[in-house]
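The next block holds one structure in the form of structure tokens; read it before the comments.
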Amino acid sequence: MRLPQIFHSLHKRLQKMFEKHNEGGESGTPSIQDIAGRLAEEQQRLRQLEATTMPKERTLLVLGSKCVGKTTAINKFFDREEHTTRPTLALEYSFGRRIGSGRSPQVMNVWELGSLENAEQLLEVPMRTHGLQQLAVFIILDLSQPQRFWTDFECAYKGLRDTAQKMMEKLTPDLREMLEQRTLERVGQPNKEDLGNQEPLPFPVVIVGGKYDIFAGLDPAVKKHTCRCLRSVTHLIGGALLFYSQKIPKLAKVLRDTISHMGFGSPTHPFRSHVTDFKEPLCIWFGTDSWSLIGDTGVQSVERIGATFGADVPQLQLEKQKVQEIQDPAKDPGFKESLIDEMRAQKNEELAGIMRDVLLRGKFESVSN
């Protein structure tokens, strides 16, 4: 509905209200308070109408370890066929749309961050584009490398925290209060005694431990320390924790349902069970864990949890991670574009010719001198 139509409709409704008011035998001239009160009621009705008729939009941000299956999880959710999954270079966008139960359209924006290195500016794109109100984040970590994943988590968490803090400072007091209230409702109701020892982010965060099929075969002591670490950081930031493997249908379905819940609001309860035993794939919903259940006492922080985990499971320096990644995307068969490739080959030949001419000229000049 356009603005002139809204004002015309509002004017007509106010006229009718005043006519009914006059028929009751009261004064024909409404007071300023009457007009303000009725305007507020009509604005509230219009907001409710807009909320039920306008498309409902939510945003998911997916980031985490390299080669852990982020793109595969997104493609599986959208039922896309993937013959060869190419590496995500920077920041990729996709969206899903469906008609909700009230016949109103629902839109889910999905942003995938390819690398955590120098990703601060890229993190701001989805967060500033869509705002914090309808944002949910999935941090997917590689459980098959417990001696490496902590750096990935720390990098992702600090990037999200710093960007969120900058944005929260610029919000209006009402909007900031609304986000804080939502956070309290999401993580604080069951364990109010833990609130003073948590650092929740102003949006829901689901930490996903990927490649559980490999993690399940690791040393029990490593599994125990890893699970305790992940439970601690998840509870600290007010998140949910889920272990996942595309090779285990039951776990793949839980992740798919969780993406649907965060993006479209259904199913209502994607986590069908509550699992905290390190011998099983963990499944812990928002606000259902506590420091007493985890076994951690004292003041908690990301730094302290990381130091404790590093002492139990020594972390490797991620100098240049020897991951299977292609240094030059132009040589990746997943990025083939015949026209662009031909032009690039032509330019490479021209550049090689220029380089040869420069070398020959340099030799002739050195001989003449």
Side-chain angles (χ1 to χ4, degrees), residues 55-101 104-116 122-123 125-127 129-130 133-144 152 156 160 186 203-215 234 239-273 275 281-286 334:
K56 293 183 174 64
E57 190 167 322
R58 296 187 182 184
T59 301
L60 304 187
L61 172 59
V62 182
L63 69 164
S65 305
K66 289 183 180 180
C67 304
V68 73
K70 301 185 294 295
T71 304
T72 299
I74 295 171
N75 288 341
K76 290 291 183 183
F77 178 80
F78 286 121
D79 293 324
R80 295 176 186 150
E81 293 185 6
E82 46 175 22
H83 303 293
T84 54
T85 304
R86 57 182 176 79
T88 304
L89 292 180
L91 189 65
E92 294 194 359
Y93 171 78
S94 56
F95 73 95
R97 180 184 174 90
R98 78 174 188 183
I99 301 300
S101 55
S104 59
Q106 295 176 306
V107 178
M108 178 177 69
N109 306 294
V110 180
W111 294 85
E112 181 191 352
L113 184 65
S115 173
L116 294 171
L122 291 177
L123 276 175
V125 174
M127 296 174 74
T129 301
H130 305 285
Q133 300 92 307
Q134 301 299 332
L135 176 69
V137 176
F138 285 78
I139 302 177
I140 305 183
L141 303 172
D142 189 349
L143 289 179
S144 69
D152 290 338
L160 292 169
R186 184 170 62 250
F203 40 77
V205 177
V206 180
I207 297 179
V208 180
K211 297 188 179 181
Y212 176 76
D213 55 305
I214 300 176
F215 178 76
T234 301
L241 178 60
L242 167 68
F243 281 5
Y244 155 81
S245 171
Q246 191 59 46
K247 297 179 180 180
I248 303 177
K250 180 181 177 182
L251 301 184
K253 184 181 186 306
V254 175
L255 178 59
R256 184 187 179 97
D257 288 348
T258 306
I259 293 174
S260 179
H261 172 81
M262 292 298 176
F264 292 126
S266 64
T268 309
H269 303 290
F271 285 22
R272 303 302 174 94
S273 60
V275 181
L282 299 187
C283 191
I284 304 172
W285 191 243
F286 297 97

Donor on one side chain, acceptor on other, D142 and S65, under 3.5 Å: no

Stepwise side-chain contact (heavy atoms from CB on, under 4.5 Å) check, F78 with V110: CA-CA 11 Å; F78 286 121; V110 180; 3.9 Å; yes

Straight-line distance of Y212 OH to L282 CG, nearest 0.5 Å: 7.5 Å

Residue pairs passing the side chain to side chain donor-acceptor pair (under 3.5 Å) test where at least one lies in residues 260-272, sequence neighbours excluded: R98-S266

Minimum-distance pair of heavy atoms, taken over all atoms of K211 and S144: CD-OG, 3.6 Å

Where V107 and F264 come nearest, the two heavy atoms and their spacing: C-CE2, 4.3 Å

Residues that E112 engages under side-chain contact (heavy atoms from CB on, under 4.5 Å), provided they are two or more places apart: K70, T71, I74, T88

Contacts of type ring-ring contact (aromatic ring centres under 6.0 Å, His included), residue F271, not counting sequence neighbours: W285

F243 side, atom CZ; L255 side, atom CG - distance, nearest 0.5 Å: 13.5 Å

Distance, nearest 0.5 Å, that separates NE2 of H130 from CZ of R58: 14.5 Å

CG on L242 to CD1 on I284, rounded to 0.5 Å: 10.0 Å

Test log, rule side-chain contact (heavy atoms from CB on, under 4.5 Å), inputs F138 and T258: CA-CA 10 Å; F138 285 78; T258 306; 3.9 Å; yes

Qualifying residues under ring-ring contact (aromatic ring centres under 6.0 Å, His included), relative to Y244, sequence neighbours excluded: none

S273 side chain vs V275 backbone, donor-acceptor pair below 3.5 Å: no

Stepwise side-chain contact (heavy atoms from CB on, under 4.5 Å) test for M108 and L60: CA-CA 7 Å; M108 178 177 69; L60 304 187; 3.5 Å; yes

Straight-line distance of T72 OG1 to R80 CZ, nearest 0.5 Å: 11.5 Å

Heavy-atom closest pair, residues M127 and L135: CG-CD2, 3.9 Å

Reported CG-to-CD1 distance for the pair L61 and I139, which is rounded to 0.5 angstrom: 8.5 Å

Listed partners of T129 passing side-chain contact (heavy atoms from CB on, under 4.5 Å), at least two apart: V125

Those residues that, when tested against L113, pass side-chain contact (heavy atoms from CB on, under 4.5 Å) (two or more places apart): L63, L91, L116, A119, L122, L123

Step-by-step side-chain contact (heavy atoms from CB on, under 4.5 Å) determination, E57 to Q134: CA-CA 7 Å; E57 190 167 322; Q134 301 299 332; over 6 Å; no

